[in-house]
*Asks:* 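My questions all concern the structure below.
A, B, ... follow the sequence lines: proteins, then strands. Residue 1 opens every chain. Because the structure is a prediction, the values reported are computed rather than measured.
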Protein chains: 2
Amino acid sequence: MAGRTRNSSSKRATLADVARAANVSAITVSRVLNHPDKVSDELKNRVQQAIDSLGYIPNQSASSLASSKSGVIGVCIPSLSNVVFNDVLRGIYQVAGEGNYKVLLVDTHYSPLEEEKMVRTLLSQSPEAMIITGGDQTRSCERMLSQANIPVVQIMETLEQPLDMNVGFSHYQAGYDVAVRLLETGCHTLGFIGARMDTRVQQRMNGFMAALQERDRLDSKLIVTTPQPSSIALGGELLRSVISASGGKVDGIFCCNDDLAMGALFESQRMNIQVPSQLALCGFNDFEASAYINPSLTSVHVPRFEMGVKAAQMILDQLQERVPANRQVDIGYEIVMRQSTAVV
Amino acid sequence: MAGRTRNSSSKRATLADVARAANVSAITVSRVLNHPDKVSDELKNRVQQAIDSLGYIPNQSASSLASSKSGVIGVCIPSLSNVVFNDVLRGIYQVAGEGNYKVLLVDTHYSPLEEEKMVRTLLSQSPEAMIITGGDQTRSCERMLSQANIPVVQIMETLEQPLDMNVGFSHYQAGYDVAVRLLETGCHTLGFIGARMDTRVQQRMNGFMAALQERDRLDSKLIVTTPQPSSIALGGELLRSVISASGGKVDGIFCCNDDLAMGALFESQRMNIQVPSQLALCGFNDFEASAYINPSLTSVHVPRFEMGVKAAQMILDQLQERVPANRQVDIGYEIVMRQSTAVV
DNA sequence: CGGGCTTATGATAGCGCAAACATTTGCGCT
DNA sequence: AGCGCAAATGTTTGCGCTATCATAAGCCCG
């Protein structure tokens with residue numbers, strides 16, 4: 001190991017230690033780290049050497065306290081197990097990382113009360129901005145967020161009254177459109193299966209039901225939901241429920257996500273029900289598997305990665321005083337027709 | 001809204017503001033928050049009221065600085081898109097949350113250099129412990145971690161020389177066992193398909209190849225790998241490569257994960273290859289879909305959630321001076337035989 | 001009934017850093 | 001030569017909190 005080894009026994013080196021070693025003042029070291037253009041090359045080198053040889057790592061708490069800049073973006077998602085958020089997070093992390101922001105991520109377990117608690121925790125870290133899922137916050141949570149006086153982006157769905165900024169799409173409209181498309185492919189008796197039933201799933205369901213209602217095709221017995229978390233296994237169970245509720249007449253099902261849809265598809269195969277000739281299936285989220293499974297699964301594609309990127313970009317724009325063009329963005333969706341629904 | 005509304009215009013309330021409002025000293029407010037048993041009920045109430053009415057949220061940076069306790073656990077994973085880590089993270093978040101620790105999560109994109117950078121970032125937050133994936137750190141990263149003088153758990157694989165603590169299992173042995181099991185089901189010509197080829201995938205491959213080698217069954221033409229990230233689509237492509245490399249003779253394939261395995265299965269279906277009678281397939285990780293797909297997929301089940309829980313528990317034990325029983329834990333795995341491999 | 005407790009509260013100092021202001025230096029220009 | 005200005009570096013102060021020690025108030029016991 002080259003150079004002087006630090007006395008690993010004692011405490012972490014501080015700015016002052018580095019300053020002493022480089023024979024400069026503390027603020028010069030600080031400048032080397034934060035405003036390198038304001039320091040001469042000679043000092044920069046000397047300081048950098050001292051930093052390296054001491055293995056100095058800045059204390060972010062002290063820095064945050066002194067500068068009131070934490071470099072943290074707080075992110076609230078409702079579930080770590082729901083892989084839908086992976087892509088969104090990837091987008092957020094990518095942009096945040098490029099802007100030298102850290103991400104503090106919390107899981108609210110689909111509970112507004114837990115969300116309130118988590119937001120309090122996040123705010124105690126003095127984040128410079130927040131990204132938060134949906135619009136279903138408690139009053140007290142909303143108050144904290146607005147008092148924090150930082151950019152907030154609500155993601156995953158378009159909201160009538162965003163707290164601040166908003167990136168998403170209309171789940172209601174998506175559900176509505178799915179109903180229309182399924183009817184166009186020749187389905188007569190449409191059902192819906194949904195799990196977890198968070199607000200976004202409810203909106204998909206509402207849109208779906210509204211479209212059927214308008215066309216006098218709604219049979220509410222065929223709308224089967226459960227508060228249980230979604231899974232492939234559950235998709236199979238719910239399929240059976242709908243089939244039996246319809247007396248075997250159902251010929252098209254909108255599944256609130258691709259997990260349920262796959263479960264329903266696998267179960268159809270086991271029950272020897274032909275998809276799509278006897279039963280059309282449509283999922284939601286368009287996972288990779290949906291395109292490759294046999295028969296491939298019709299689903300609603302959502303640009304999740306792009307949603308994360310966009311949310312993070314709006315925040316960076318705001319933080320850098322580049323006021324973003326839009327404070328609300330509809331990121332859209334696309335119904336991808338595949339083999340699990342009939343060709344028109 | 002009941003009570004006095006805070007002057008939302010100005011800055012965030014501080015301990016001192018609360019103390020003034022409650023007519024106590026600052027330290028008393030601090031005690032109410034951190035050592036409530038040391039304050040009389042009367043003062044506790046008065047202080048709590050002041051906190052509520054001011055909407056006071058503690059400044060964690062100041063607290064960390066003064067107490068050198070950040071309440072943060074740093075976590076490094078190689079990929080946010082690899083859903084394998086979702087379960088691990090869920091376990092970590094659950095235990096960390098119960099212990100009132102926050103999780104700072106970073107993504108190293110499978111690069112030791114990026115990992116080093118991320119570890120530096122994490123350490124600047126003064127985490128009280130770190131969880132980090134695998135054993136493939138740079139020298140400099142190892143040095144930083146050991147100098148940090150905090151508990152470190154390396155997860156996902158068992159290591160010969162852990163930096164500190166370790167929870168995982170032997171990927172080599174798992175690969176070895178898969179080869180043995182596939183041979184036992186009557187396969188003669190075994191292939192391997194692997195993507196990304198991080199150290200753990202390599203070890204699975206090495207174990208698999210060693211078992212074949214020992215039995216004189218290794219044909220290295222049938223070991224097909226790519227550094228590309230894994231996907232279902234890629235599984236299909238790699239399947240075709242192995243089949244053509246074997247001149248159609250391959251009758252069993254170990255896929256380095258379930259994504260590839262599903263891709264291979266879907267592609268087999270499209271190519272009209274019967275699974276398992278013409279071709280046996282074995283995946284790795286045992287995703288939920290693997291149990292429900294038709295034919296269901298033989299895979300190596302890994303207790304990922306439990307691994308996350310265990311890692312976090314070892315850390316909490318350490319932080320609370322309850323020295324953990326073991327500093328290294330083999331969390332095991334299980335080969336789950338399903339329809340994609342023949343019954344013995 | 002007073003010495004030595006515990007318990008409840010307060011005063012002070014300092015954690016490590018960066019903002020704000022102060023000082024020094026060098027340089028161009030008249 | 002000397003003024004003015006910019007660039008480079010330093011000094012001081014305080015961010016908001018908690019550790020530490022100090023103090024005050026009750027309380028037990030012989």
Side-chain angles (χ1 to χ4, degrees), chain A residues 10-48 50-51 54-72 100 120-121 123-128 148-149, chain B residues 10-48 50-51 54-72 100 121 123-128 148:
Chain A
S10 73
K11 335 197 70 150
R12 184 166 152 185
T14 69
L15 252 201
D17 296 334
V18 176
R20 215 168 298 125
N23 198 29
V24 296
S25 73
I27 192 69
T28 299
V29 180
S30 168
R31 286 196 184 106
V32 169
L33 294 168
N34 302 315
H35 309 283
D37 51 311
K38 298 201 168 168
V39 181
S40 68
D41 287 347
E42 193 222 323
L43 281 202
K44 229 182 308 197
N45 288 336
R46 235 161 71 202
V47 168
Q48 192 58 56
I51 287 176
L54 291 174
Y56 170 69
I57 294 180
N59 182 324
Q60 180 61 46
S61 298
S63 172
S64 302
L65 186 58
S67 69
S68 43
K69 295 218 170 100
S70 64
V72 165
N100 269 313
R120 194 184 308 279
T121 301
L123 288 179
S124 79
Q125 307 288 324
S126 314
E128 295 182 43
N149 209 29
Chain B
S10 73
K11 333 197 73 147
R12 185 167 151 184
T14 70
L15 253 201
D17 296 335
V18 176
R20 216 168 297 126
N23 198 29
V24 297
S25 73
I27 190 71
T28 300
V29 180
S30 168
R31 285 197 184 104
V32 170
L33 293 168
N34 303 316
H35 310 283
D37 50 311
K38 299 201 169 167
V39 181
S40 68
D41 286 349
E42 193 223 323
L43 280 200
K44 227 182 311 198
N45 287 335
R46 234 162 71 203
V47 168
Q48 191 58 57
I51 288 176
L54 290 173
Y56 170 69
I57 294 179
N59 182 324
Q60 179 62 44
S61 297
S63 172
S64 303
L65 186 58
S67 69
S68 43
K69 294 215 170 100
S70 63
V72 165
N100 269 314
T121 301
L123 288 180
S124 79
Q125 307 287 325
S126 313
E128 295 183 43

*Asks:* Kindly compute the distance separating CD (B:Gln125) from CD1 (A:Ile57), expressed to the nearest 0.5 Å.
*Replies:* 11.5 Å
*Asks:* Pair up each side-chain donor or acceptor in residues 20-27 of chain A with any protein partner under 3.5 Å, not counting sequence neighbours, and list the distances.
*Replies:*
residue : atom : partner : partner atom : Å
A:Arg20 : NH1  : A:Asp17 : OD1          : 3.2
A:Ser25 : OG   : A:Thr28 : OG1          : 3.2

*Asks:* Can you give the dot-bracket line for DNA chain C, where a pair is Watson-Crick or G-U wobble with both atom distances under 3.5 Å, crossing pairs use [ ], and | marks a partner on another strand?
*Replies:* ||||||||||||||||||||||||||||||
*Asks:* To the nearest 0.5 Å, what is the distance between CG (B:Asn34) and OG (B:Ser63)?
*Replies:* 6.0 Å
*Asks:* Going through the distances and angles, do B:Gln60 and A:Ser126 end up as a side chain to side chain contact (heavy atoms under 4.5 Å, CB included)?
*Replies:* CA-CA 7 Å; B:Gln60 179 62 44; A:Ser126 314; over 6 Å; no
*Asks:* Which atom names give the shortest non-hydrogen contact between A:Ser64 and A:Ser70, and what distance separates them?
*Replies:* OG-CA, 3.5 Å
*Asks:* I need the B:Leu15 CG to B:Leu33 CG distance, nearest 0.5 Å.
*Replies:* 6.5 Å
*Asks:* Find the distance between CG (A:Leu43) and CZ (A:Arg31) and round it off to the nearest 0.5 Å.
*Replies:* 10.5 Å
*Asks:* Treat primed atoms plus P, OP1 and OP2 as sugar-phosphate and everything else as base, then score nucleotides 13-19 of chain C 5' to 3': B for base contact with protein heavy atoms under 4.0 Å, S for sugar-phosphate contact only, - for none.
*Replies:* -BBBBBB
*Asks:* If I take atom CG in residue B:Leu43 and atom P in nucleotide C:dT7, what distance separates them, rounded to the nearest angstrom?
*Replies:* 17 Å
*Asks:* For the backbone of A:Gly55 and the side chain of A:Arg12, can you confirm whether one donor and one acceptor N or O come within less than 3.5 Å of each other?
*Replies:* no
*Asks:* Between D:dA7 atom P and A:Lys38 atom NZ, what is the distance in whole Å?
*Replies:* 10 Å
